[in-house]
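Labels below follow one simple rule: chain letters A, B, ... track the order of the sequence lines, proteins then strands, and each chain is numbered from 1.
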Amino acid sequence: MRYWLMKSEPEEFSIDDLARAPRRGSAWFGVRNYQARNFKRDQMHIGDRVLFYHSSCPEPGIAGLAEVCSEAYPDKTQFDPKSKYYDAKATHEVPRWVSVDVRFIKKTRLLPLAELREHRELAGMRLLARGNRLSITSVDPDEWKFITTRLLK
DNA sequence: GCCAACGTTGGC
DNA sequence: GCCAACGTTGGC
């Protein structure tokens with residue numbers, strides 16, 4: 001089992017939206033970055049744990065916990081000309097982008113980005129790396145443990 | 001709104 | 001395959 005951090009803009013889809021979604025989960029779609037796509041396609045599996053992160057908002061930070069509840073499958077928005085995620089170069093035969101479904105575990109206190117930066121134990125987090133923009137990053141088991149048992153208790 | 005950092009595109 | 005131009009991300 002792996003651990004991940006996934007960014008979402010709360011105005012688009014927040015931890016509260018995830019909490020209200022059906023138990024079977026919500027499709028995580030619209031990511032148009034190859035590295036993030038490859039993570040979903042090749043490394044994410046049912047049962048993986050997720051730090052749900054709010055980005056591009058007044059208080060960026062970790063807002064809750066979730067889990068992956070599907071394997072990767074084609075992101076249907078890539079085929080929809082009306083979607084802002086439409087990709088003219090994607091076909092049903094050769095899809096370019098994938099989704100995974102994610103299910104709510106719990107809401108936590110908002111753990112701000114600035115607080116994450118204060119801890120030496122988290123200095124290696126990809127999220128905190130200079131210039132990082134990836135919307136999905138992996139989280140080490142030690143980092144996961146530190147965050148969930150020390151900072152979110 | 002600014003701007004640093006990064007990814008993608010496309011001409012050559 | 002290089003690289004300049006452009007677009008996007010996202011914290012501040």
Report, as a single string ordered 5' to 3', how protein heavy atoms within less than 4.0 Å touch nucleotides 6-12 of chain C: B base, S sugar-phosphate only, - not at all. -BBBBS-

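Applying the side chain to side chain donor-acceptor pair (under 3.5 Å) test to residues at least two apart or on different chains, none of the pairs has a partner in residues 140-153 of chain A.
In this pair, A:Phe52 and A:Trp28 present their aromatic rings perpendicular. The plane angle is above 60°, beyond the 30 to 60° band. Using cut-offs of 30° and 60° for the angle between ring planes, the A:Phe29 and A:Tyr85 rings count as perpendicular.
Ion pairing between A:Arg96 and A:Asp87 holds under the 4.0 Å rule for side-chain N and carboxylate O.
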Using residues 100-117 of chain A as the side-chain source, report each donor-acceptor pair under 3.5 Å to any protein atom, sequence neighbours left out, with the distance given to one decimal.
| unit_1 | atom_1 | unit_2 | atom_2 | d |
| --- | --- | --- | --- | --- |
| A:Asp101 | OD1 | A:Tyr73 | OH | 2.5 |
| A:Arg103 | NE | A:Arg23 | O | 2.8 |
| A:Arg103 | NH1 | A:Glu67 | OE2 | 3.1 |
| A:Lys107 | NZ | A:Asp16 | OD1 | 2.9 |
| A:Lys107 | NZ | A:Asp16 | OD2 | 3.4 |
| A:Thr108 | OG1 | A:Ala63 | O | 3.4 |
| A:Thr108 | OG1 | A:Gly64 | N | 3.4 |
| A:Arg109 | NE | A:Leu151 | O | 3.1 |
| A:Arg109 | NH1 | A:Glu115 | OE1 | 3.2 |
| A:Arg109 | NH2 | A:Glu115 | OE2 | 2.8 |
| A:Arg109 | NH2 | A:Leu151 | O | 2.9 |
| A:Arg117 | NH1 | A:Leu128 | O | 3.2 |

Donor-acceptor pairs are to be reported for all side-chain atoms of residues 54-61 of chain A against protein atoms at under 3.5 Å, with residues two or more places apart or in another chain.
| unit_1 | atom_1 | unit_2 | atom_2 | d |
| --- | --- | --- | --- | --- |
| A:His54 | NE2 | A:Ile15 | N | 3.1 |

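Annotation: proximity of residues 85-101 of chain A to DNA chain C (heavy atom, distance under 4.0 Å) is found for no residue.
Taking A:His119 as the reference, A:Phe146 meet the ring-ring contact (aromatic ring centres under 6.0 Å, His included) condition, with sequence neighbours excluded.
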